[in-house]
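Each chain gets a letter, A, B and so on, in the order its sequence line appears, and its residues count up from 1.
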Number of protein chains: 2
Amino acid sequence: MSLISPIPVRLKEARTRKELTQQQLGELLGLEPNNASARMNQYERGKHTPDFDTLKRLADILEVPVAYFYCEDKLEAAIVEAVHRLGPEQKLALLAFIETLKS
Amino acid sequence: MSLISPIPVRLKEARTRKELTQQQLGELLGLEPNNASARMNQYERGKHTPDFDTLKRLADILEVPVAYFYCEDKLEAAIVEAVHRLGPEQKLALLAFIETLKS
DNA sequence: AAGGTATACTAAGGATTTCTTAGTAAGCAA
DNA sequence: TTGCTTACTAAGAAATCCTTAGTATACCTT
């Protein structure tokens, strides 16, 4: 991996917002208390990448969509997070609004 | 991995829209012509998961953001894609609009 | 200062996953 | 049928992650 993923930055952002330690988040994930801290730290430092299953459970605990972890810019991350809390009709309204912005 | 990721569905969606074969997309990625088809098929069938570097290059070729591959619902995928084409001021305007939708 | 605790972080090898190789299968056109 | 295209797959080699066993730093408390 020559390019680094946005996961480390987004993960730290969402974890600290919830005021959780790496150890605590790892245990909420269901990791062994023995290695919860080590694994979470490896993810947050970009040493290793969590698989989709792990990412999905992290997203649920941190109340963000999985796509949030892959947003490369902060503004886009904020939008993806906000969109995720909308219902289907609101999402349709949003798509219509974006069309008006394009011109 | 017990839960399957949205990557296979999103990848096929974006590839067919560009009217590319798995072989062609693999070669555009810079894979060896020998195994371009095999690897792209493994990604698209969910047999294996591409790393971030690969996902980023795929995103650039297919003109979608990396986050698009992780959108679990079609409407969210469409929004993420549309948002990616906006400039910074437009993104700010969009965030403001989402605030008005919440009530 | 010394000892204890909390949090973040890391090396290294065993465990697991991906990538490469070498193909098969299905559809279609000549 | 034959040839060509596209999609797809098994299996071993190669790369990555997970577990273990710690270290480092900061901050209390005595």
Side-chain angles (χ1 to χ4, degrees), chain A residues 1-64 66-70 72, chain B residues 1-64 66-70 72:
Chain A
M1 269 196 234
S2 59
L3 260 177
I4 59 157
S5 93
I7 293 178
V9 172
R10 298 282 162 261
L11 189 51
K12 180 167 190 174
E13 199 170 60
R15 175 180 64 82
T16 55
R17 197 166 25 173
K18 287 272 184 200
E19 297 185 71
L20 292 169
T21 64
Q22 295 174 343
Q23 174 74 31
Q24 288 171 329
L25 181 52
E27 292 193 25
L28 284 174
L29 250 188
L31 304 181
E32 295 298 318
N34 264 4
N35 59 29
S37 168
R39 276 181 65 182
M40 289 314 305
N41 191 267
Q42 286 163 345
Y43 297 152
E44 205 164 300
R45 303 282 295 177
K47 175 76 178 178
H48 299 309
T49 301
D51 62 22
F52 180 74
D53 203 39
T54 304
L55 224 40
K56 173 62 176 164
R57 281 179 298 140
L58 276 171
D60 290 345
I61 292 165
L62 298 172
E63 299 184 285
V64 294
V66 176
Y68 167 87
F69 293 120
Y70 284 94
E72 302 183 81
Chain B
M1 270 195 235
S2 60
L3 261 177
I4 59 155
S5 93
I7 292 176
V9 172
R10 297 283 164 260
L11 189 52
K12 180 166 191 175
E13 198 171 62
R15 174 180 65 83
T16 55
R17 198 164 25 172
K18 287 271 182 202
E19 296 185 72
L20 293 169
T21 64
Q22 296 174 343
Q23 176 74 31
Q24 288 171 328
L25 180 52
E27 291 193 26
L28 285 174
L29 250 189
L31 305 181
E32 295 298 317
N34 264 4
N35 59 30
S37 168
R39 276 182 64 183
M40 289 313 306
N41 190 268
Q42 288 162 343
Y43 297 151
E44 205 164 299
R45 303 281 296 178
K47 175 77 177 177
H48 299 309
T49 300
D51 62 22
F52 181 74
D53 203 39
T54 304
L55 224 39
K56 173 64 176 164
R57 280 177 299 142
L58 276 170
D60 289 345
I61 292 164
L62 298 172
E63 298 184 285
V64 294
V66 176
Y68 166 88
F69 293 120
Y70 284 94
E72 301 182 83

Notebook entry, point to check: Rounded to the Å, how far apart are A:M40 CE and C:dA8 P?
Noted result: 11 Å

Next item on the list: Measure the distance from CG on A:L25 to C1' on C:dA6 and round it to the nearest whole Å.
Entry: 17 Å

Notebook entry, point to check: Can you find a side chain N or O atom of A:Y43 that sits less than 4.0 Å from OP1 or OP2 on D:dC18?
Noted result: yes

Notebook entry, point to check: Is any side-chain heavy atom of A:E13 less than 4.5 Å from a side-chain heavy atom of A:V64?
Noted result: no

Please list every donor-acceptor pair under 3.5 Å in which a side-chain atom of residues 26-39 of chain B meets a protein atom from a residue at least two apart or in another chain.
residue, atom, partner, partner atom, Å
B:E27, OE2, B:Q23, NE2, 2.5
B:R39, NE, B:Y43, OH, 3.3
B:R39, NH2, B:Y43, OH, 3.0

Notebook entry, point to check: Which nucleotide, D:dC17, C:dT21, C:dC19, lies nearest any side-chain atom of A:H48?
Noted result: D:dC17

Next item on the list: Specify the closest pair of heavy atoms between B:Y70 and B:I7, including all atoms of both residues, with the distance to one decimal.
Entry: OH-CD1, 3.5 Å

Check: For B:N35 and D:dA14, what is the distance between atoms CG and P respectively, to the nearest whole Å?
Finding: 14 Å

Check: CG/B:L55 to CZ/B:F69 distance, rounded to the nearest 0.5 angstrom?
Finding: 5.5 Å

Next item on the list: Give the rounded distance in Å between these two atoms: NZ of A:K47 and C1' of D:dT16.
Entry: 10 Å

Notebook entry, point to check: Rounded to the nearest 0.5 Å, how far does CG of A:L11 lie from CZ of A:R45?
Noted result: 12.5 Å

Next item on the list: With rounding to the nearest 0.5 Å, note down the distance linking NE2 in B:H48 to CG in B:N41.
Entry: 10.5 Å

Notebook entry, point to check: Is any side-chain N or O of A:T49 closer than 4.0 Å to OP1 or OP2 of D:dC17?
Noted result: yes

Check: Got a second to check how far A:R57's CZ is from A:L62's CG, nearest 0.5 Å?
Finding: 12.0 Å

Notebook entry, point to check: Would you say A:R39 reaches D:dT19's phosphate, i.e. side-chain N/O to OP1/OP2 under 4.0 Å?
Noted result: yes

Checklist line | Atom-to-atom span, CG of A:N34 to C1' of C:dC9 - whole angstrom | finding: 16 Å

Polar-atom pairs under 3.5 Å, protein N or O versus N or O of nucleotides 28-30 of chain C: list them with distances, or write none.
none

Check: What nucleic acid atoms does A:Q42 come within less than 4.0 Å of, heavy atoms only: base, sugar-phosphate, or nothing?
Finding: base

Next item on the list: Nearest whole angstrom, please: distance from the C1' of C:dT18 to the CG of B:D53.
Entry: 15 Å

Next item on the list: Give, for atom CZ of B:R15 and atom CD of B:Q24, the distance between the pair rounded to the nearest 0.5 Å.
Entry: 9.0 Å

Notebook entry, point to check: If you round to the nearest 0.5 Å, how far is CD1 of B:I4 from CD of B:E72?
Noted result: 10.0 Å

Is there any protein nitrogen or oxygen under 3.5 Å from a nitrogen or oxygen in nucleotides 5-7 of chain D, and what are the pairs?
residue, atom, partner, partner atom, Å
D:dA7, OP1, B:R15, NH1, 3.3
D:dA7, OP2, B:Q22, N, 3.0

